[in-house]
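Being a predicted model, the structure only gives us computed values, none of them experimental. Counting starts at 1 for both ligands and their atoms, in listed order.
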Amino acid sequence: MRARVVVGNWKMNGRHESIDQLVKALVKGLKPGGQVEVVVCPSSIYIYQVCSLIEGSLVLLGAQNMSEHDDGAYTGELSAGMLKDHGCRYVVLGHSERRSLFGETDELVAEKVKVALAVGLTPILCVGETLNERESGSTLAVVSRQVRSVIDLVGVTGVSQSLVAYEPVWAIGTGETATPAQAQEVHLAIRRQVGEIDKTVADELRILYGGSVKADNAEELFGQPDIDGGLIGGASLRVDEFLSICAAAEMN
Ligand code: PGA
């Protein structure tokens, strides 16, 4: 049985006060004894603040991005070691906004996965097709290429220490969610791809769905056999909504 994971990706949102309120309400709202891993990924400048607010709670901490380099002369960058030093356990890598707005390639994302693993961070590897790619019937080919570039560099062992998030680009922040069947098809394809190399790793790999997940569609998505949780953007900024999504992951 794979333990579910729900990750909040706050993107470039929040201020001291709103984050204080959000995290305090989240910590208070999570019921003890739950089976779901709950992770929040603040903008990096607020990681330190969140780290102290979640101390002793059920909430875990992640970052949204990191450099592919170790410490050194890289002005404006943050290293994997720095994230670890500030209590992060996870790091989102290859998010479609990083790929499309900041030119991150499959090779760069794979490099970052390798560096994250080397310091003991759990990468949350994001993959997903654009609308054009879906409409031209290349969804599975695109996702498989994105996964393969990571397997090629870190092997299936590296994948076993990571989470994968399938996020169709056309569903991110648009209000348009993939149907549970559409998401399940891609999740199963990813699991089969990994399973061709190592069946045990594939069976244990946690694959999250992301893209306009909300309280009212979470339960149906999480009910699919190969969906092991969610990567939540907009809805993670509203505590009631996020708590309902966490509860939906707990339920089925
Ligand atoms: P969304 O974002 O939930 O706002 O669609 C998801 C994501 O970008 O991870």
How long is the span from the CG atom in N13 to the OH atom in Y46, to the nearest 0.5 Å? 10.5 Å
In ligand 1, which numbered atoms sit nearer than 4.0 Å to a non-hydrogen atom of [X]?
X	answer
G234	1 (P), 3 (O), 4 (O)
G173	1 (P), 4 (O), 5 (O)
G211	5 (O)
N9	9 (O)
H95	7 (C), 8 (O), 9 (O)

Proximity of I172 to ligand 1 by residue part, where a heavy atom lies under 4.0 Å: both
Where's the contact between A171 and ligand 1, heavy-atom distance under 4.0 Å: side chain, backbone, both or neither? backbone
If every non-hydrogen atom of C88 is compared with every non-hydrogen atom of G62, which pair is closest and at what distance? SG-C, 4.0 Å
Nearest neighbour in protein (non-hydrogen) for atom 3 (O) of ligand 1: G233 N, 2.9 Å
Quick one: nearest non-hydrogen protein atom to atom 9 (O) of ligand 1, plus distance? E167 OE2, 2.6 Å
Mark the output for [X] as yes if a heavy-atom distance to ligand 1 is under 4.0 Å, and as no if none is.
X	answer
S212	yes
K11	yes
G210	no

Testing L125, N65, V91 one by one against K112 for a side-chain contact (heavy atoms from CB on, under 4.5 Å), which residue passes? N65
So among V92, T122, I207, which one has a side-chain contact (heavy atoms from CB on, under 4.5 Å) with L163? T122
Pairing of R99 and E104 as salt bridge, 4.0 angstrom limit: no
Charged N to carboxylate O under 4.0 angstrom, D228 versus R2? yes
Has S57 got a side-chain atom pairing as donor or acceptor with V27's backbone, closer than 3.5 angstrom? no
Y209 and H187 aromatic ring geometry - parallel, tilted or perpendicular at 30°/60° bounds: tilted
